[in-house]
Structure formats: C-alpha cells, structure tokens
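What you see is a predicted model; the values in this text were computed from it and never measured. If you read the sequence from its start, that first residue is 1, and numbering goes on from there.
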Amino acid sequence: MTYPYYDYKGVLFPDIISRETLDVIPDYPVRDDDIFILTYPKSGANWMMEIVGKVMKAVGKMTTPEKHTTWCFELQMPGLDEKPRHVLAMDSPSPRLIHTHLPRQLAPKMVTNPQGKVNVIVVMRNPKDVVVSLFHYDKMMDMEFGSGDLETLESWDAYATNFLEGKCQFGDIYDHALGWWKMKDDRHFLFLKYEDMKKDLRSAVSDIAVFLDTSLDQATVDSIAESCTFNTLKAAWGSSDNAMKKHICRKGHLCDPLSVELGVVNMAFYEYKGILFPENISKDTLDVIPDYPVRDDDIFILTYPKSGTNWMTEIVGKVMKAAGKMADPEKHVTWCFELQMRGLDEKPRHVLAMDSPSPRIIHTHLPRQLAPKMVTNPQGKVKVIVVMRNPKDVVVSFYHYEKKMKTEFGSIDQESLKSWDAYATDFLEGNCMFGDFYDHALGWWKMKNDSHFLFLKYEDMKKDLRSVVSDVATFLETSLDQATVDSIAESCTFNSLKAAWDSSDDGLKKHLCRKGVIGDWKSMFTPEQNEAYDAKHKLRLEGTGLEFDFE
C-alpha cells in the first residue's frame, strides 16, 4: 500500500490508523451485548463477519446485519470514512458486530478483560498462508489505490523476510496470536481456525451459533454454511462495485503456493464474427451496436488499441471547449463505448452514452464491419476522426500495457505472463483482441475520401502537434486563433498528459502512457521478428495508399 507506516508502542501501523485512535481505544466503551471478531490480517475476518451476521439475522436479533457492523474499527479510510470507524460505531444499533486487527495490548480493556455477556471470536490462520495472502493483497491494493509501479513494488523475498522479522502492519503474527491465546480459557472467547472453517464449515457455523446463545435447527445451519462457503463469497465480492471488497478473496487455499492462474486481466476471450473480444464486451452489445442511434452532431474517434485514443480525445475536448461548444468536455465523452468494465460501469457504456449531452465524443476500437451503420455510412454533420499508428510500435505498447493491466486487475505473477516472443507472434497472426491490425486499418481506410472522416497518424501528432490541433479544429468547423491552437497543443503534448495521467487516482488512466516514442519497437524486435512484420506489412498494404512511419 502507499500509506506510510509509523511505530506505535513497538507495532507498525499505516497512517489510516491514527495515533489519536490508538490512544483512546483501550478505554473504548464496550456494550454488554457487543460481539467482537479479532483476527490478524488475511485470516478470515470478513468471512467470519458474514457468518455471524447471518446467524444473528436467522434468530431475529439483526434484521439488517450491515447496520450493526463495523469492519476494522481502528481504521479511517480517506474518501470513505468521514470519521474514524470506532467513532462511527458509537451510533450503530445493538447488538454491534465489531471487527479489529489490533493486538491484545492495544485493544479495548473491556475486551481484554471482558465482563457481562460480551462475546469475542478469534479467528487464526497458519502464518505461511497468511504471508502469501497478505503479499498478494497488498500488491493488489497498491495497484488499485497506490502507485501501481511494478518496478517499485516490494519483491516476494523482501516481503517474506520482513514478515518473518515482524516488520509488518499490526506487528509480529506470533505476538498477535499468543497475546490473544492467553484468553483461551475465558468463557467470553471462542477460538476458531481458518483451516477448520475450510474443512468443515457446517461445524464452525454450529459452534458459532451455540457460542452466541442462539438456537438454530440443522437446516438453518446448513443454509448459512452453504451461503458462506469461500467460493460463494468470493463470487459475490469479486463482482462488487466496492473496490476494497473485490480484492478480499483471492484463493483461500490451504498451503497455497506463491502462484496465480492468469487469464488476460482475469478475463476470458471469445470469438465474435471471426474477431477476439474480452468478456467485458458482451455479445449482446456487439449485436446492437450496428443499429446504434448516432446523433447528427456526434464526434466519433476510431482507433486500434494503443494508437493515441485518449490523446486525441483530450485534444478534441479542448478544441470544443475553446470554441464554446462544451463547457465540461468530460460530461460529453464516452471512452471505448463497447465496454462495460466490472466494478466501474453499472451499464454498458453505449447505453450510458445515451444520456450524454450533445455534442457527444464517442470512442471505439471496433473494426468497421462491427461499428454503427450511421458511422460506416455517415449522413448529416457527424464527424469521424481515425487515428492510426505503425503496427510495430502498437504491438510493443500493447504488450507493456497488458502486462501492467494484468498486474493491476489480474495477477502479479510475472512468471506466468505471456512472453514477448509469443505475444509478437500472436499479434502478427491476428490472434489478439479487436482482431488483425491490418484488417482494422484497411477497413476504415476505405472511408478515406468521405468528407465526414479525418485520418491522422500518431507519428504526425508526435512530430508536429500544433498542425494536428489546427487540422482537428478546422475539421470540427471551429474557429480558433493561433494562440489558442498553440495553448491546446502545449497542454496536450505527450509528456504533459503522461505526467497528469501517471499521478491519476484512476487505476486505468495511470497506465495509459509509457514512452510514446516513435521507433520504440527497436528495443524489443529481434531481426527475425522485424523481417516477418515487414513481409506482412508489404503484403497487406502494397497498392492501398496507406503508409506508416516507423522512425
């Protein structure tokens, strides 16, 4: 994670847990009917919270368990919690379900020396699986909310060593476990093992129900156990809109090795009319897009992936804003309108775009044969900008981008990522998402003489951005003076946008720019690969009038 750590009484904490919170928690007012769940990180906290909530709901003590629940009550997540969670929990209805990762010496005194009917459930997990799970979790959370820079992320060897030495958040796992184990004979405490929950969840649910003084028949116990299996919860949380929750579950294996099954950003691919698409573009979407209702003043930006999509979208938005046609371009823009990103888009983007104000800026990576008919055969004033980039730089950029995105949203296991040689071969053969590069380029190139279309090259944008901005402004029928054109060009240089996007909180946007260099392919291509690409390039483009710059 990107949060800095500090030492508090010999234990490391991230700064989302304040010293002021740690100072007051020992005297925290515990209620007689509170249920505390105590765990070291990645030891089944959320799993146990779900089970306890369902048990209490089944006996009628919690109609809506979420209203009674406080996860990790020592935290205050920036942007999520207006106050520290232990403060927010003061307003929660009884019985409260409160979770903490705190070691015993820093926990509320009324938990470490409980009176009355307060119940405390401690879940423990073997430290070897904990460190592996915590390693993967921290990586994913850093990619989601932090820098996401693969070069600066801590290696497994370093992480494992620090964990072994107790140099990790919430302190040494053995100190944590043995601290709470001192309460093993106290009637207020129930100790459970993560491994036992995996092996026999029904027995664990039954033990929890008895401990909480509830009476459940076997059918109800079975039902709760079935709804709380690891795989059931993983499926529910994995598709959650909550960016924190979707990373809670990874494998949950016992004796899990440090490895991950890798798909393409954890997404399957399928073939649609001879072209490969990731599953976040549905067949239903591809079926309806040809008949998509295009507005007379729409501006479409068409690109193959990694060919300057977001760059051109920024330029068009700034031109339209300068001309007074868009006060806030972001409200008019729909990126890659065929997508529906899990956890980001509640509906497919082409549907969401229906509510965008005019004039809309709509981007797509779709080949011509699958695009809206009102774009492939445009009428009225609709404008279409096509940006193309030489295929050698495209494949290199695409390769690096996919590696980063797989690490961001899929796997951080670099050993399982597709090699450059395999990737370059697949791209050359057209075995890649959005299909063969040349099919895509030549499909749109058929529209080169249509007045609704403007064709631009990525390489020209790099070499003379001011001329490109001027051409775009003229094409969009706007009147901008040279000073405005210069200002837009200056704000949209590759380096300016890269700096802005690299520091973005958007997990997708911060990986958009890498180098943007013309000829970067030379750093990756072998002589044999270069020869193979040149041969296909000549075969496909000879006599078409379409040319690319490779230097």
Q | Flag, side chain of S282 to backbone of T285, donor-acceptor distance under 3.5 Å | A | yes
Q) Considering all heavy atoms of both residues, which atom of S307 and which atom of V394 are nearest to each other, and what is their separation? A) OG-CG2, 3.7 Å
Q) Aromatic rings F427 and F437: how do their planes relate, parallel, tilted or perpendicular, breaks at 30° and 60°? A) tilted
Q.
Would the distance check show the side chain of T425 and the main-chain N or O of D421 forming a donor-acceptor pair, the cut-off being under 3.5 Å?
A. yes
Q. If you count the non-hydrogen atoms of other residues, nucleotides and ligands that lie under 6.0 Å from NZ in K184, is the total more than 12?
A. yes
Q) When rounded to the nearest 0.5 angstrom, what distance separates NZ in K193 from CE in M124? A) 9.0 Å
Q. Does T334 use its side chain to pair, donor to acceptor, with the backbone of R349 at less than 3.5 Å?
A. no
Q: May I ask you to decide if K42's main-chain N or O and R125's side chain share a donor-acceptor pair within less than 3.5 Å?
A: yes
Q: Kindly compute the distance separating CD1 (I362) from OG (S356), expressed to the nearest 0.5 Å.
A: 7.0 Å
Q: On the 0 to 90° scale, with breaks at 30° and 60°, tag the H365-H363 ring pair as parallel, tilted or perpendicular.
A: perpendicular
Q: Report, as yes or no, whether the 6.0 Å neighbourhood of atom OH on Y6 holds more than 12 heavy atoms from other residues, nucleotides or ligands.
A: yes
Q. Quick check, are the ring centers of F170 and Y40 under 6.0 angstrom apart?
A. no
(Q) Keeping T526 on the side-chain end and Q529 on the backbone end, is there a donor-acceptor pair under 3.5 Å? (A) yes
Q. Nearest 0.5 Å, what's the CE-CG distance between M49 and L97?
A. 4.0 Å
Q.
Quick one: does any side-chain atom of H86 pair with a main-chain N or O of E74 as donor and acceptor, under 3.5 Å?
A. no
Q.
Given 3.5 Å as the limit, does a donor-acceptor pair link the side chain of Q76 with the main chain of S18, or not?
A. no
Q. Between W180 and F191, does the ring centre distance come in under 6.0 Å?
A. no
Q: Show your working on side-chain contact (heavy atoms from CB on, under 4.5 Å) between M433 and F398 and close with a plain yes or no.
A: CA-CA 10 Å; M433 65 172 122; F398 213 171; 3.8 Å; yes
Please output the side-chain donor-acceptor pairs of residues 104-122 that fall under 3.5 Å, not counting sequence neighbours, one pair per line with the distance.
from	atom 1	to	atom 2	distance (Å)
K109	NZ	D27	OD1	3.3
T112	OG1	K109	O	3.2
Q115	NE2	N113	O	3.4

Q.
The test is side-chain contact (heavy atoms from CB on, under 4.5 Å); show your working for K54 and I51 and say whether it passes.
A. CA-CA 5 Å; K54 289 180 185 294; I51 294 170; 6.0 Å; no
(Q) Using the rule given for salt bridge (charged side-chain N to carboxylate O under 4.0 Å, His left out), can you reason through K167 versus E165, listing the C-alpha separation, both sets of side-chain angles and the distance that settles it, and then say yes or no? (A) CA-CA 6 Å; K167 298 175 182 176; E165 295 175 354; 3.1 Å; yes
Q) Between the side chains of D217 and T220, does any donor sit under 3.5 Å from an acceptor? A) yes
Q: Assign the ring pair Y270 / F277 to parallel, tilted or perpendicular, where the plane angle (0 to 90°) is split at 30° and 60°.
A: tilted
Q. Counting N and O atoms only, with roles assigned by atom type, does the side chain of T100 sit under 3.5 Å from a partner on the main chain of L102, one being a donor and the other an acceptor?
A. yes
Q. Are the side chain of D81 and the backbone of P84 linked by a donor-acceptor contact shorter than 3.5 Å?
A. no
Q: Hey, could you give me the CG/OH distance between L428 and Y423, rounded to the nearest 0.5 Å?
A: 13.0 Å
Q) Looking only at side chains, do Q218 and D222 share a donor and an acceptor under 3.5 Å apart? A) yes
Q) Testing D33, D34, D32, L212 for side-chain contact (heavy atoms from CB on, under 4.5 Å) with P95, which one passes? A) D33
Q | Any donor-acceptor N/O pair, D393 side chain to D520 backbone, under 3.5 Å | A | yes
